[in-house]
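Everything quoted here is computed from the prediction, not taken from an experiment. Just so it is clear, the values below take in all heavy atoms, side chains as well, and ignore hydrogens, waters and symmetry mates.
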Amino acid sequence: MAESFGSDPELYDRARPTYPDALIEAVVAKGPGPAVLDVGCGTGILARQLDAAGCQVLGVEVDERMAAHARTTGVEVEVSAFESWDPRGRTYDALVAGMTWHWIDPVAGAAKAAEVLRPGGTFAVFWYVLQPPSDLGEAFAAVNRDVLPDHPAASRAAASPLGAYEHFLDRTAESLGTAFTAVERPTFPWSRTYTRDEWLDQLRTSGMAKPLADAGKLDAVLERTGAAIDAYGGAFTLDSTAVALFATRT
């Protein structure tokens, strides 16, 4: 599934949200220098934000299609799975992973992060938690339950998905071992207004899109989700949270 997002990199780059300014500022402030490694950089959304903040970013991306798009936006990218990527002796002031660390083997990923970070370097992984208004979120959850009742993700409470991301934070913290210290788990609120079409584009780039498409049910979910947004007034404000795990290389 980690390599399924590159089927339409232009859509992905347009539809996926950027990260909160406060999160970018925190990463820059914690890093001892400007050299940043972006693990699973995708189309370069996070890398471009860090570049604009004064960082020197190298991306590592497993999907050549995503990497190719990132390069068109000025991001330097090397194509590889992070666990097998060869840093060729290079080290970095910070390692970041936005919405990607759950695709990385926790043990091998932590070992590679310790290898490529300089002493005092910052390990920063984070996810944005999409939290629609509660009544609309329940409508979205009902669509998933009705259309794909046997899929585990379909039974999640879409109005309050924070718990699913807590699992990623817990697993990551447990995997870091003695190579890292000063572990923190800050959160960063953010908001964005979505139109019906913007939300459906975002849904087309989500991790659920592939299993829905494979089951022949993506169109049904898009149609019914669009109808729920139409009934809500055609647009809504997403008051969401970015959850992060920061640690320092010993």
Side-chain angles (χ1 to χ4, degrees), residues 1-6 12-13 16-20 22-28 30-31 34-51 53 55-63 66-67 70 75-85 87 90-118 121-130 164-177 179-180 182-188 190 205-207 241-249:
M1 189 181 290
E3 298 181 46
S4 70
F5 299 102
Y12 185 100
D13 197 63
R16 285 289 181 115
T18 56
Y19 295 89
L23 172 54
I24 300 299
E25 292 164 4
V27 171
V28 173
K30 283 184 172 295
V36 177
L37 184 68
D38 184 359
V39 176
C41 71
T43 59
I45 294 170
L46 173 59
R48 295 195 298 272
Q49 288 184 267
L50 290 167
D51 178 75
C55 297
Q56 300 163 4
V57 185
L58 173 67
V60 177
E61 170 56 43
V62 71
D63 191 318
M66 300 283 268
V75 178
E76 182 182 357
V77 187
E78 296 181 8
V79 176
S80 175
F82 176 62
E83 298 91 330
S84 58
W85 174 66
R90 293 168 291 179
T91 57
Y92 298 85
D93 298 304
L95 178 152
V96 300
M99 296 296 292
T100 60
W101 197 254
H102 53 289
W103 301 118
I104 306 298
D105 178 272
V107 176
K112 180 60 70 71
E115 175 188 350
V116 301
L117 277 171
R118 297 165 185 157
T122 297
F123 175 84
V125 299
F126 35 87
W127 292 264
Y128 45 68
V129 184
L130 303 181
Y165 290 88
E166 291 292 333
H167 166 71
F168 297 144
L169 294 169
D170 291 342
R171 187 180 75 163
T172 302
E174 291 168 1
S175 72
L176 290 180
F180 293 89
V183 177
E184 302 174 56
R185 290 170 61 155
T187 59
F188 303 86
W190 62 280
T205 72
S206 73
T241 305
V243 296
L245 188 143
F246 292 164
T248 300
R249 177 70 168 92

Open item on the list: Could you check whether E166 pairs with R185 (Lys NZ or Arg NE/NH1/NH2 to Asp/Glu carboxylate O, under 4.0 Å)?
Closed with: yes
Open item on the list: Once rounded to the nearest 0.5 Å, what's the spacing between atom CG of D51 and atom CD of E76?
Closed with: 11.0 Å
Open item on the list: Once you measure the plane-to-plane angle for F123 and W101, does it fall in the parallel (<30°), tilted (30-60°) or perpendicular (>60°) bin?
Closed with: perpendicular
Task: From CD (E61) to OG1 (T100), nearest 0.5 Å - done: 8.5 Å
Open item on the list: Within this structure, what is the CD-SG distance for the pair Q49 and C55, rounded to the nearest 0.5 Å?
Closed with: 11.0 Å
Task: Gap between atom CG of L58 and atom CG of D38 - 0.5 Å precision - done: 8.5 Å
Open item on the list: Checking the side chain of E184 only, and the main-chain atoms of P186 only, is there a donor and an acceptor separated by less than 3.5 Å?
Closed with: no
Open item on the list: Do L176 and L245 make a side-chain contact, defined as non-hydrogen atoms from C-beta onward lying under 4.5 Å apart?
Closed with: yes
Open item on the list: Could you walk me through whether V77 and C41 satisfy the side chain to side chain contact (heavy atoms under 4.5 Å, CB included) test, starting with their C-alpha distance in whole Å, then the side-chain angles of each, then the deciding distance to 0.1 Å, before giving a yes or no?
Closed with: CA-CA 8 Å; V77 187; C41 71; 3.8 Å; yes
- [ ] Look at the rings of Y165 and F168 and say which category their plane angle falls in: under 30° parallel, 30 to 60° tilted, over 60° perpendicular.
- [x] perpendicular
TODO: Apply the test salt bridge (Lys or Arg N to Asp or Glu O under 4.0 Å) to residues E115 and R249: give CA-CA distance (whole Å), side-chain angles for both, the deciding distance (0.1 Å), then the verdict.
DONE: CA-CA 10 Å; E115 175 188 350; R249 177 70 168 92; over 6 Å; no
Open item on the list: Checking the side chain of R48 only, and the main-chain atoms of A70 only, is there a donor and an acceptor separated by less than 3.5 Å?
Closed with: no
Task: Check against side chain to side chain contact (heavy atoms under 4.5 Å, CB included), V27 and L50 - done: CA-CA 9 Å; V27 171; L50 290 167; 4.2 Å; yes
Task: Audit row: H102, H167, side chain to side chain contact (heavy atoms under 4.5 Å, CB included) steps and yes/no - done: CA-CA 10 Å; H102 53 289; H167 166 71; over 6 Å; no
Task: Intermediate values then yes/no, salt bridge (Lys or Arg N to Asp or Glu O under 4.0 Å), K30 and D93 - done: CA-CA 9 Å; K30 283 184 172 295; D93 298 304; over 6 Å; no
TODO: Assert yes or no for the condition that the ring centre distance of W127 to Y19 is strictly below 6.0 Å.
DONE: no
Task: Over all atoms of both residues, closest heavy-atom pair of F180 and A110 - done: CE1-O, 4.0 Å
Open item on the list: As an exercise, state the distance from CG of L46 to CD1 of I24, rounded to the nearest 0.5 Å.
Closed with: 5.0 Å
Task: Main-chain N/O of L169 paired to T172 side chain as donor or acceptor, under 3.5 Å - done: no
- [ ] Could you check whether the rings of Y92 and W85 sit parallel, tilted or perpendicular, using 30° and 60° as the cut-offs?
- [x] tilted
TODO: Answer yes or no: is there a side-chain heavy-atom contact under 4.5 Å between W190 and P17?
DONE: yes
- [ ] Using atom types as modelled and distance alone, determine if a side-chain donor or acceptor of R16 lies under 3.5 Å from a backbone N or O of D13.
- [x] no
TODO: Could you tell me whether the side chain of T248 and the main chain of V183 form a donor-acceptor pair under 3.5 Å?
DONE: no
- [ ] Please round to the nearest 0.5 Å and tell me the distance separating atom CG of L37 and atom CG of L95.
- [x] 5.0 Å
Open item on the list: Set out, in order, the CA-CA distance, both residues' side-chain angles and the distance that settles side chain to side chain contact (heavy atoms under 4.5 Å, CB included) for V125 and V96, then state yes or no.
Closed with: CA-CA 5 Å; V125 299; V96 300; over 6 Å; no
Task: Minimum heavy-atom distance between F188 and A244, given as atom pair plus value - done: CE1-CB, 4.1 Å
Task: Shortest non-hydrogen contact between V60 and F82, atoms and distance - done: CG1-CA, 4.3 Å
Task: Main-chain N/O of A108 paired to E83 side chain as donor or acceptor, under 3.5 Å - done: no
